[in-house]
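To start, the structure under review is shown below, and the notes come after it.
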Amino acid sequence: MNKGTIFLQLLEKSSLTIVLFIIITKIQGFKYIFQKENYKLKDLLAISLIFTVLAILGTYNGIYVQGSLANTRIIAIVSGGVLFGPLVGITSGIISGFHRYVIDIGGITAFPCFISSIFAGILSGFFYRKISNRYKWVYGIVCGVISESFSMFLIYLLSRPHNIAIVIIRKIYIPMIVGQISIGLLISIVDAIKKEKEEVAAMQSKLALDIANKTLPYFRSINEESLKKICKIIKDEINSDAVSITDRDEVLAYVGVGEEAFKFPHTEISNITRCSIRENSILNIQVKKEESSISEKVDLKTAMIIPLTDSQGVVGTLKIYYTKKYDMSHSKKSLAIGLSQIISTLMEISKIEKIEKEKKKSEIKALQRQINPHFLFNALNTITSFIRINPDKARNLIINLSTYMRYNLEVNDNLIDINKELEQVKAYVEIEKARFGDKLTVLYDIDENIDAKIPSLTIQPLVENAIIHGIRKNGGCGTVVIGVKKEDGYTRVWVENDGITIDLDIIKKVYSGEMPGNKIGLYNVHLRLKLIYGQGLNIYRLEPGTKMEFYI
């Protein structure tokens, strides 16, 4: 058998390994493991089993050459090690290498192949720790070439009779070296699976934001009709068969298959829904098994129960129904989490607006007005623009927006830890920096271990004022400095910008209490500081820019 024939047969065997691996990755359980960012021990053991089986099959599928076996075992070992680390590489190397030795004890290449299999596992595990994901396929091929070369060296050194060992090396070395290209293909398959997860997450994030944009107007005044419109938007956007929204006791709105069964009086929620509320966990259920009261009225098979929360805890659920049986895939779970966060935030905005109307307290109203609809729409549009080009950035911005909105909605008269206030400030700054890119620079000059209490929403309005009235009016370019320092038993807080200098007339109005309409947030900060500490804001005109500071 010449080199060309051996090469073609090895190519066929390598193709079989790749096809088997592709089939394995289509199995939902294994695909889910491959898509994880961090692997638990049980995950690595499952992956080790996969690559060990592929390596052993590579041995059984080998080509006999002068008493030896030209096979694809090293391809599986190295792929596992480079992709998933030393545990996978070494485990598959030891087991498949020992198997190679056992099935051919006394064979001319049995012992060298055993040693080289372990070497391949160790070397690939070493490469895993040293290389970036971008070049793994290249290093994987290099690792395979080194491992096969080491195997040939051991055959030359240990196999007897020596002349037959040399013949074996001459016939199989080049074909087996070229065959290591398959490692690059296996690595590319896993990379594609991980990329698919990111693309799905990005699409689900965009879908959740689209739903948020469309449902936002209906959260301004929540009633049965507006809740039904929200349910209909969600149902149409995600192509489900029915959607409902509940509070902690009953169904508030239901749209979709079997809608006629949900008329007044409202239906009480099921026990499994109460369980989801109690545990604050997303559940995927079989309707007939878990919700007999609904299955008797409507032909539904599967439901996803998503808790909705506010600052007081779980206030209800969003329920998505299907007429077919579905498992909770990664994409559906990502969408559920996104919808839960967005809708919970929108519901809390609605709740605060209702409280605002009822309480009629001017100071609270002034603070809550900081939740600017234009800011929210601009933030959502900014996040949408990042979804395709930078999904990780989009997810981080969603977290920042959620932090910012949640903090605004928790406004009260109690003093809070200054570090909590700074978290909200940083969330707001990250959103603004994403909008304006390199034009906006924000510097922090904050002492470590600051321990102080301040009124909520004290620093953020100053930062917002610096960006909107200082930097934006200056052409959108500039620097904002946020400082917190311990000085002589006090904590000094200041916000400074190098944009437009504040008008002297505005400073006078803030100090006099005339409350200019476009500076209500600034005046509110000054007034509350003065009431609590006896001294309000110190406002300085710089050349250029403005500086505002206070002491606590």
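The first residue in the sequence is number 1, and the count goes up from there. What's counted below: heavy atoms across the whole structure, side chains too, no hydrogens, waters or symmetry copies.
Every residue was checked against the ring-ring contact (aromatic ring centres under 6.0 Å, His included) condition with Y128, not counting sequence neighbours, and none meets it.
Closest heavy-atom contact between C231 and I245: SG-CG1, 3.6 Å. Residues M152 and I169 come closest through the heavy atom pair O-CD1, 3.5 Å. Here the shortest heavy-atom pairing between G179 and I75 reads O-CD1, 3.4 Å. Across all their heavy atoms, Q66 and I164 have their closest contact at O-CG2, 3.9 Å. The two residues F51 and S79 come nearest to each other via the heavy atoms CE2-CB, 4.0 Å. For the pair S48 and L87, the tightest heavy-atom approach, listed with the atom from each and the gap, is OG-O, 3.9 Å.
The aromatic rings of Y156 and H162 sit perpendicular to each other, their planes meeting at more than 60°, with 30° as the lower class boundary. Classified by interplanar angle (parallel below 30°, tilted 30° to 60°, perpendicular above 60°), the ring pair F127/Y139 is tilted. Using a 30° and 60° split on the angle between ring planes, F114 and Y101 fall in the tilted class, from 30° to 60°. Between H99 and Y60, the angle of the ring planes goes over 60°, which puts this pair in the perpendicular group of the 30/60° scheme.
Side-chain atoms of S276 come within 3.5 Å of backbone atoms of S281 as a donor-acceptor pair (strictly under, hydrogens ignored). A distance-only check finds a donor-acceptor pair linking the side chain of D43 to the backbone of K40 [under 3.5 Å]. Without hydrogens or angle criteria, T91 side chain to V88 main chain gives no donor-acceptor distance under 3.5 Å. A donor-acceptor distance shorter than 3.5 angstrom exists from the side chain of D241 to the backbone of T323, with no hydrogens or angles considered. Listed for the S159 side chain is a donor-acceptor partner under 3.5 Å among the backbone atoms of I108. Checking side-chain atoms of R248 against main-chain N and O of V314 turns up a donor-acceptor pair under 3.5 Å. One N or O on the side chain of N71 and one on the backbone of L69 form a donor-acceptor pair closer than 3.5 Å. The main-chain N or O of V65 is never found under 3.5 Å from a side-chain atom of S68 such that the two would form a donor-acceptor pair. The backbone N or O of P112 sits less than 3.5 Å from a side-chain atom of S116, completing a donor-acceptor pair.
In this structure, I285 and T302 have side chains that are not in contact, with every pair of non-hydrogen atoms separated by 4.5 Å or more. Side-chain contact between I63 and K13 is present, with heavy atoms from C-beta onward closer than 4.5 Å. Proximity of L185 to W137: side-chain heavy atoms (C-beta onward) are nowhere separated by under 4.5 Å. Taking 4.5 Å as the limit, some side-chain heavy atom of I189 sits within range of a side-chain heavy atom of I22. At a threshold of 4.5 Å between non-hydrogen side-chain atoms, the residues I146 and L123 count as touching. Residues I122 and I118 meet the side-chain proximity criterion, which asks for heavy atoms closer than 4.5 Å. Residues T17 and L57 fail the side-chain proximity criterion, which asks for heavy atoms closer than 4.5 Å. I446 places a side-chain heavy atom less than 4.5 Å from the side chain of L422.
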Using the side-chain contact (heavy atoms from CB on, under 4.5 Å) rule, take I306 and I320 through it: C-alpha gap first, then chi angles, then the decisive distance, then the call.
-> CA-CA 8 Å; I306 307 164; I320 301 170; 3.8 Å; yes
Any chance you could lay out the side-chain contact (heavy atoms from CB on, under 4.5 Å) test for I183 and C143, step after step, and finish with the verdict?
-> CA-CA 9 Å; I183 295 174; C143 182; over 6 Å; no
side-chain contact (heavy atoms from CB on, under 4.5 Å) between C113 and R73: does it pass, once the steps are laid out?
-> CA-CA 10 Å; C113 288; R73 182 181 62 259; 3.4 Å; yes
Checking side-chain hydrogen bond (donor to acceptor under 3.5 Å, both in side chains) for the pair R100/S117: CA distance, chi angles, key distance, verdict?
-> CA-CA 9 Å; R100 169 69 179 88; S117 296; over 6 Å; no
Please step through side-chain contact (heavy atoms from CB on, under 4.5 Å) for the pair D249 and I269, ending with a clear verdict.
-> CA-CA 6 Å; D249 298 308; I269 62 174; 5.6 Å; no
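Between the CG atom of L443 and the CD1 atom of I482 there is a distance of 9.0 Å, given to the nearest 0.5 Å. For the atom pair OG1 (T5) and NZ (K171), the distance works out to 10.0 Å, reported to the nearest 0.5 Å. For the atom pair OG1 of T317 and CG of D247, the computed distance is 8.5 Å after rounding to the nearest 0.5 Å. Here OH of Y254 is found 13.0 Å from OG1 of T246. Values are rounded to the nearest 0.5 Å. In this structure, OG in S14 is found 9.5 Å from CD1 in I181, a value given to the nearest 0.5 Å. Here OG of S124 is found 7.5 Å from CD1 of I90. Values are rounded to the nearest 0.5 Å.
Summarising the local packing, OH of Y39 is surrounded by more than 12 heavy atoms from other residues, nucleotides or ligands at distances under 6.0 Å. Within a 6.0 Å sphere centred on CG of D451, heavy atoms belonging to other residues, nucleotides or ligands number 12 at most.
Cation-pi geometry between K426 and Y444 is met: the NZ or CZ atom falls under 6.0 Å from the ring centre, inside 45° of the normal.
Salt-bridge annotation for K214 and D210: absent, with no side-chain N of the basic residue lying under 4.0 Å from a carboxylate O of the acidic one. Salt bridge R435/E432: present, at least one basic N to carboxylate O contact under 4.0 Å.
Checked by atom type, the side-chain pair S270/T273 shows a donor-acceptor distance below 3.5 Å.
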